[in-house]
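Notes follow once the structure below has been shown.
The sequence lines fix the lettering, A, B, ..., with proteins before strands; numbering per chain opens at 1. All values derive from a computational prediction rather than experimental measurement.
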Protein chains: 2
Amino acid sequence: MAVSDAGVSTPTAVSKWNLEGEAMCPHRLVLEHVTSRWGVLVLIQLLERPYRFSELRRAIGRVSEKMLTQTLQTLERDGLVHRDAKPVIPPRVDYSLTDLGREAAEQVYALASWTEQRMGEVLKAREVYDAAKAQL
Amino acid sequence: MAVSDAGVSTPTAVSKWNLEGEAMCPHRLVLEHVTSRWGVLVLIQLLERPYRFSELRRAIGRVSEKMLTQTLQTLERDGLVHRDAKPVIPPRVDYSLTDLGREAAEQVYALASWTEQRMGEVLKAREVYDAAKAQL
DNA sequence: CAGCATCCCCGCAGATACTG
DNA sequence: CAGTATCTGCGGGGATGCTG
């Protein structure tokens, strides 16, 4: 199986991930938003259905509202998450994935599923690694 | 397109990403190793071919040797990267992907390619977002 | 060449308090 | 309820110097 199976022609198709000097290239930043600690969880959760703010907070678990807000704003700005604030009292804000966001979320979800499926092999590898280190 | 296309049955198939309280669940950690700043770059680079240490360092660009060493050790311990140290002088160490690592790398590469392909839409979304904010 | 050890900084994340 | 604003710490990560 070659790289081409991953979606694009060759490895070099991901051009200049490694910008010398200067600032990091923009793609890297988007990737980091998407794969960030809370970004991953938000995207996966929203894949199921739209969520309200504090509903999302409870669903994800241990996330401060500051970080959730920050994550949602970043993803919204990147056009991955849609924010729907209804002008009612008390306030009600629904978050959902955009089409773009759904594409990202599905990829992230695939990766997350992979880690879960292969966890056994990872744990085995760690035992081997740690055992080898220990007997030195 | 539904979630099932992503590889597993339902979104809830990714069980307990959000462990309440206690420590983070192990899958999360593996995912963070793989999607970490330098982990992403290392995996993508090794997808092309095996690399020597400082060759990899040059290829990736702006990475300190500390972080490269740390990243490689983490990925090696997780069984994603194979380290081949030849007992010669001067030392020569080759790094390559294991079968497990190649699976991960292809997923990461797909995600990286996606961000690059969709960068235009992300930039457009940002303009809209920033413009809307500015005129408040 | 391929690391390891140490020092040090500043930036992200958590905690807290307040608002529309 | 859904945020904003402000303070603070602590640890990730860079820089430097040293070894086999």
Nearest heavy-atom pair of [X] and [Y]: which atoms, and what distance?
{"X": "A:Ala125", "Y": "B:Gly79", "answer": "CB-CA, 3.5 Å"}
{"X": "A:Leu68", "Y": "A:Phe53", "answer": "CD2-O, 3.8 Å"}
{"X": "B:Ala112", "Y": "B:Ile44", "answer": "CB-CD1, 3.7 Å"}

Is the Lys NZ or Arg CZ of A:Arg49 less than 6.0 Å from the centre of A:Tyr51's six-membered ring, within 45° of the axis? yes

Specify the residue among B:Ser54 and A:Ser64 whose closest nucleotide of DNA chain C lies further upstream toward the 5′ end. B:Ser54

Result for 5'-nearest mapping on DNA chain C, choosing between A:Trp38 and A:Glu65, is A:Trp38

Among all residues two or more places apart in sequence or in another chain, which pass the side chain to side chain contact (heavy atoms under 4.5 Å, CB included) test with [X]?
{"X": "A:Thr74", "answer": "A:His33, A:Asp78"}
{"X": "B:Val93", "answer": "B:Arg83, B:Ala85, B:Tyr95"}
{"X": "A:Arg52", "answer": "A:Glu55, A:Arg92, A:Asp94"}

Name the first nucleotide and the last nucleotide along DNA chain D (5' to 3') that come under 4.0 Å of a heavy atom in chain B. D:dG13 to D:dG20

Members of residues 69-95 of chain B that approach DNA chain D, where some heavy atom sits under 4.0 Å away: B:Pro91

CD-CH2 distance between A:Gln45 and A:Trp38, expressed to the nearest 0.5 angstrom: 12.5 Å

Euclidean distance, A:Leu72 CG relative to A:Leu46 CG, rounded to 0.5 Å: 7.0 Å

Okay, side chain of A:Thr115, backbone of B:Leu31: is any donor-acceptor separation there less than 3.5 Å? no

Extract, from 5' to 3' on DNA chain C, the first and final nucleotides lying under 4.0 angstrom from some heavy atom of chain B. C:dC1 to C:dC4

